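First comes the structure, then the notes that go with it.
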Amino acid sequence: MESKAPSLLNAVPPYGHVITSEKWRNSSLIQSLKGGGVNILFEKELEQEAATRGKLVRYRHTSSRFQELVLVEKTRLSEQNFSAVQKFVVLDLGLTLLPVSGQTEASQLISQIVHGEGRENPFRRRSSSRLLDPKVLALVQRVPGVGGVKALALLQEFSSVHQLCSAAPHELEPVVGQAAAQQIHSFFHKATAAGP
DNA sequence: TAGTAGAACCG
DNA sequence: CGGTTCTACTA
């Protein structure tokens with residue numbers, strides 16, 4: 001192998017799943033996606049709206065590893081009930097809704113998302129990997145009285161480092177115990193030089 | 001409150 | 001990595 005930049009296309013793991021109606025099987029949208037390492041799932045009943053809603057709810061419950069994405073084609077017809085669709089998909093289901101003007105835009109959008117040009121892949125449900133990062137873990141361990149176990153416990157309990165820094169002792173206590181809770185709190189609130 | 005298992009820290 | 005001190009939990 002030469003020391004070229006790794007091929008983006010070959011590096012794509014099979015994480016993208018697209019669920020679509022049978023009638024799209026031969027469309028240009030699906031054809032252009034097939035070459036890009038995207039898994040296509042065909043469903044026959046996606047053509048009726050009521051069944052589609054059911055499918056959406058089902059997929060929302062079954063898929064835990066992927067974040068679902070709903071693409072709607074904006075036509076004059078669909079614009080009429082777009083508000084209803086938006087409310088159902090975004091508000092009720094908590095999914096991502098992307099309106100596109102047509103198949104070309106949809107294909108470009110999906111390819112861009114799946115191949116993730118430097119950005120995060122929205123198909124992959126974001127985990128709490130940001131806080132479980134070894135860097136952050138090592139940082140928290142710098143606090144006196146906090147080792148590996150308590151650092152992990154703290155990062156699992158608090159959703160951000162900022163929350164951790166500004167936490168009151170009584171919030172820290174159930175996680176790391178009374179002694180460490182006071183140590184941590186005074187560490188973040190101590191005066192650097194002579195106190196007040 | 002005493003004893004023990006485990007965590008943090010230091011050499 | 002091993003030993004010591006300190007902490008958290010249970011009886």
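Just so it is clear: chains get the letters A, B, ... in the order the sequence lines come, proteins before strands, and each one is counted from 1. The structure displayed is predicted, hence computed values, not measured ones.
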* To do: Determine, for nucleotides 2-11 of chain B in 5'-to-3' order, which nucleotides have protein heavy atoms under 4.0 Å from the base (write B), from only the sugar-phosphate (write S), or from neither (write -).
  => -----SSS--

* Structure fact -> Q183(A) atom CD is separated from dT7(C) atom P, nearest whole Å, by 7 Å

* Within this structure, what is the CD-to-P distance between Q178(A) and dC6(C), rounded to whole angstrom? -> 16 Å

* Asked: Does any non-hydrogen side-chain atom of V143(A) lie less than 4.5 Å from one of L154(A)?
  -> no

* Do V176(A) and V149(A) touch side chain to side chain, with heavy atoms closer than 4.5 Å? ->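 Not in contact.
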
To the nearest 0.5 Å, what is the distance between [atom1] ([X]) and [atom2] ([Y])?
X       : Y       : atom1 : atom2 : result
L152(A) : Q141(A) : CG    : CD    : 9.0 Å
Q163(A) : E157(A) : CD    : CD    : 10.0 Å
E173(A) : H185(A) : CD    : NE2   : 12.5 Å
E105(A) : L98(A)  : CD    : CG    : 9.5 Å

For nucleotides 9-11 of chain C, print each protein N/O atom paired with a nucleotide N/O atom at under 3.5 Å, atom names and distance only.
none

* **Hydrophobic cluster identity match, L155(A) and F187(A), side-chain contacts under 4.5 Å** => yes

* Side chain of E171(A), backbone of A167(A): donor and acceptor closer than 3.5 Å? -> no

